[in-house]
Protein chains: 2
Amino acid sequence: MTSKAKAALYDQFALVGKAFSNGRRAELVDVLAQGERSVEGLAEQISQSFANTSQHLQVLARSGLVTSRRDGNRVLYRLAGEPVEALWETLRGAAESVAGVHRAAEDYLGNRGELELVSRDELARRLDEGVLVWDVRPVAEFEAGHVPGAVSVPPGEVQRRLDEVPDGVEIVAYCRGRFCVFADEAVRALAGRNRPARRLEDGFPEWRRAGLPVAASSG
Amino acid sequence: MTSKAKAALYDQFALVGKAFSNGRRAELVDVLAQGERSVEGLAEQISQSFANTSQHLQVLARSGLVTSRRDGNRVLYRLAGEPVEALWETLRGAAESVAGVHRAAEDYLGNRGELELVSRDELARRLDEGVLVWDVRPVAEFEAGHVPGAVSVPPGEVQRRLDEVPDGVEIVAYCRGRFCVFADEAVRALAGRNRPARRLEDGFPEWRRAGLPVAASSG
DNA sequence: AGCGTAATCAAGTATTCACTTGACTAGTTG
DNA sequence: CAACTAGTCAAGTGAATACTTGATTACGCT
């Protein structure tokens, strides 16, 4: 009996692991770490069908990692709490020490050697000192919460908005997290026009989790 | 192209999740968190066949969570590093906030309401003040590392050794971690004989990870 | 060399998983 | 009420998983 109960306990732990055992579900968690989203928005972000996305979300819900609520016509999903955010952060951290992640990250992100980083603390100190902060995430994520004073520059609009940056102002770009390309692309594009641009270490969820100030602009 | 590379990156993260997606592998990680072990020892601990255990270990190795080395005739496995220990700890923590774990834990561990805990700090302070520390794990795990001054009382021997405890000495028991039954059983058995017994919060890996002193006695 | 032990490999099977397609349900709007 | 939108459910298919059994390999001992 005891040995069965022991196995059952570890099976419960494994249920949490299972939730992260699929790449699409990992993507979902990463997007949900930015804030609450509808099924439709999530499906688009992870380039999957509606039905498939819904099913993945239900797997996550069954394992207790996400919760959902109805808002009129749509169903909004969100991460279940702080421990889940912490787990996702730790998991990515552990994955970094694994060979395959380095290769996959390099293929996706390119060489980041020349990208300069700004620490959260430095950015927090300089927020009201005329630094220009670009939030390079989809609008929905910006609206769910962002660094105070940041302007929303969705990934597709970076090129179009390079010229609106006044001379002599430093730009700090951020997006979803350490493995998010959008901020890299923005910094490279700005650097190509000789703008002093750096990238925030990690991304918005880490900023929020660090207890730093957050602004919201949803409707 | 980029979208494929993105999927590939998240697939790499999922590979780490996949390693934890099976109850037997979770058990293996939990045992390995105590220290290096042979395949044989691990197979026995998780009550699985030799071949199956070996295969699970190779899954863990492929995902980078464990490494192995040959020692003469046997192959010894160990966790790949600090980030992996941190991940396992965080995963269990997150799992605690999930409904199923509570039920499974209760079925396995019973009602822990009356079990008193000792914090790591308190035990560390009192180590040389005549407190008796019982390490209630299999001998192999004790030998791989234990709290200084602790005596090894393997799970099966608890009953036999209840009487060797001198009167008026407080006993602190510990085993693998928060979800390990052995220490609970020892404390209950000691309490049944009116010995002042408490349980260390969590277990040995958490003690080691907290940077507290560790003794080893292997040969 | 020959034997024993520790571990891995290979092949087979029942189960689970990821994704698709098409039907269905819950709310909202005209 | 019908028409529409957002989401879920159900069934099916090919691929991956977990475990078994029976070789096969690697090392140590005599």
Side-chain angles (χ1 to χ4, degrees), chain A residues 3-4 7-8 10-29 31-32 36-63 65-78 100 140, chain B residues 3-4 7-8 10-29 31-32 36-63 65-78 140 219:
Chain A
S3 77
K4 270 186 197 168
Y10 283 97
D11 287 345
Q12 286 296 323
F13 293 141
L15 217 78
V16 175
K18 205 169 284 183
F20 287 100
S21 73
N22 175 279
R24 260 20 72 214
R25 284 200 292 274
E27 280 192 73
L28 285 172
V29 171
V31 177
L32 287 172
E36 205 174 44
R37 285 301 284 279
S38 67
V39 179
E40 190 178 32
L42 291 164
E44 197 206 324
Q45 287 299 315
I46 68 167
S47 310
Q48 295 291 305
S49 75
F50 221 94
N52 195 24
T53 304
S54 175
Q55 274 151 194
H56 278 311
L57 286 166
Q58 281 167 63
V59 173
L60 290 170
R62 248 176 277 136
S63 68
L65 298 184
V66 309
T67 58
S68 63
R69 70 185 175 93
R70 233 199 153 92
D71 174 32
N73 212 324
R74 32 187 67 186
V75 175
L76 300 176
Y77 282 84
R78 64 161 76 202
Chain B
S3 77
K4 271 188 197 166
Y10 283 98
D11 287 346
Q12 286 296 323
F13 293 142
L15 217 78
V16 175
K18 207 168 282 183
F20 286 100
S21 73
N22 175 279
R24 261 19 73 215
R25 284 199 292 273
E27 281 193 71
L28 284 172
V29 171
V31 177
L32 287 172
E36 205 174 43
R37 286 300 284 278
S38 67
V39 180
E40 189 177 32
L42 291 164
E44 197 205 324
Q45 287 299 315
I46 68 167
S47 311
Q48 295 290 307
S49 75
F50 220 96
N52 195 26
T53 305
S54 174
Q55 274 153 191
H56 278 310
L57 286 166
Q58 280 166 64
V59 173
L60 289 170
R62 247 176 277 136
S63 68
L65 298 184
V66 309
T67 58
S68 63
R69 68 185 177 92
R70 233 200 154 92
D71 174 32
N73 211 330
R74 33 189 65 189
V75 175
L76 300 176
Y77 281 84
R78 63 161 76 200

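Please read these numbers as outputs of a predicted model, since none were measured by experiment.
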**Which atom of Ala19(B) lies closest to which atom of Arg25(B), heavy atoms considered** =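 Shortest heavy-atom contact: O-NE, 2.9 Å.
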Considering residues at least two apart in sequence or located in another chain, which fulfil the salt bridge (Lys or Arg N to Asp or Glu O under 4.0 Å) criterion with [X]?
| X | result |
| --- | --- |
| Glu44(A) | none |
| Arg37(B) | Glu141(B) |
| Arg62(A) | none |

**Request:** Could you tell me which residues satisfy side-chain hydrogen bond (donor to acceptor under 3.5 Å, both in side chains) with Glu40(B), sequence neighbours excluded, listed by chain and number?
**Result:**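 Listed in chain order: nothing, the list is empty.
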**Prompt:** Is there a residue in residues 70-78 of chain A whose heavy atoms reach under 4.0 Å of DNA chain D, and which residues are they?
**Reply:**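 Within residues 70-78 of chain A, the residues near DNA chain D are Asn73(A), Arg74(A), Val75(A), Tyr77(A).
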**Prompt:** Using rotation axes that map the C1' atoms of four end pairs onto the next four (five pairs an end), what angle separates the end axes of the helix from dA1(C)-dT30(D) to dG30(C)-dC1(D), to 10°?
**Reply:**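 Taking five pairs per end, the axes differ by 20°.
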Taking distance alone, no hydrogens or angles, what donor-acceptor pairs closer than 3.5 Å link side-chain atoms of residues 65-72 of chain B to residues at least two apart or in another chain?
residue	atom	partner	partner atom	Å
Arg69(B)	NE	Glu36(B)	OE2	2.7
Arg69(B)	NH2	Glu36(B)	OE1	2.9
Arg70(B)	NE	Gly72(B)	O	3.4

[X] [atom1] to [N] [atom2]: how many Å, rounded?
| X | N | atom1 | atom2 | answer |
| --- | --- | --- | --- | --- |
| Phe50(B) | dA6(C) | CZ | P | 7 Å |
| Phe20(A) | dA18(C) | CZ | P | 14 Å |
| Leu15(A) | dC17(C) | CG | P | 9 Å |
| Leu42(B) | dT8(C) | CG | C1' | 15 Å |

Under-3.5 Å N/O pairs linking protein and nucleotides 19-23 of chain C:
residue	atom	partner	partner atom	Å
dC19(C)	OP2	Asn52(A)	ND2	3.3
dC19(C)	OP2	His56(A)	NE2	2.7
dC19(C)	O5'	Asn52(A)	ND2	3.2
dT20(C)	OP2	Ser49(A)	OG	3.4

**Message:** Going by the rule side-chain contact (heavy atoms from CB on, under 4.5 Å), which residues pair with Ala14(B) if we only count those two or more places apart in sequence or in a different chain?
**Reply:**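 Here no residue qualifies.
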**Item:** For Asn52(B), side-chain contact (heavy atoms from CB on, under 4.5 Å) partners two or more places apart
**Value:**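 With sequence neighbours excluded, Asn52(B) shows a side-chain contact (heavy atoms from CB on, under 4.5 Å) to Gln48(B), Ser49(B), Gln55(B), His56(B), given in chain and number order.
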**Request:** Examine distances only and state if a side-chain atom of Gln58(A) and a backbone atom of Ser54(A) form a donor-acceptor pair shorter than 3.5 Å.
**Result:**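 Yes: the side chain of Gln58(A) pairs with the backbone of Ser54(A).
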**Asked** Can you list the steps and then say if Tyr77(B) with Val39(B) is a side chain to side chain contact (heavy atoms under 4.5 Å, CB included)?
**Response** CA-CA 7 Å; Tyr77(B) 281 84; Val39(B) 180; 3.5 Å; yes
**First of Ser38(B) and Arg25(A) reached from the 5' end of DNA chain C, by closest nucleotide** =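 Between the two, 5'-proximity favours Ser38(B).
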**Request:** Please list all pairs passing the salt bridge (charged side-chain N to carboxylate O under 4.0 Å, His left out) test where one or both residues lie in residues 11-21 of chain A, with sequence neighbours left out.
**Result:**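 Qualifying pairs: Asp11(A)-Arg24(B).
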**dC17(C) OP1/OP2 closer than 4.0 Å to side-chain N/O of Lys18(A)** =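 Yes, because at least one side-chain N or O of Lys18(A) sits under 4.0 Å from OP1 or OP2 of dC17(C).
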**Request:** At the 4.0 Å heavy-atom cut-off to chain B, mark where contacts on DNA chain D begin and end, going 5' to 3'.
**Result:**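 Extent of the interface on DNA chain D: dT17(D) to dG28(D).
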**Separation between CD1 of Ile46(A) and CG of Leu28(A), rounded to the nearest 0.5 Å** =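 Reported to 0.5 Å precision, the distance equals 4.0 Å.
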**Asked** Between CZ of Phe50(A) and CG of Leu42(A), what distance do you get to the nearest 0.5 Å?
**Response**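 Rounded to the nearest 0.5 Å, the CZ-CG separation comes out at 10.0 Å.
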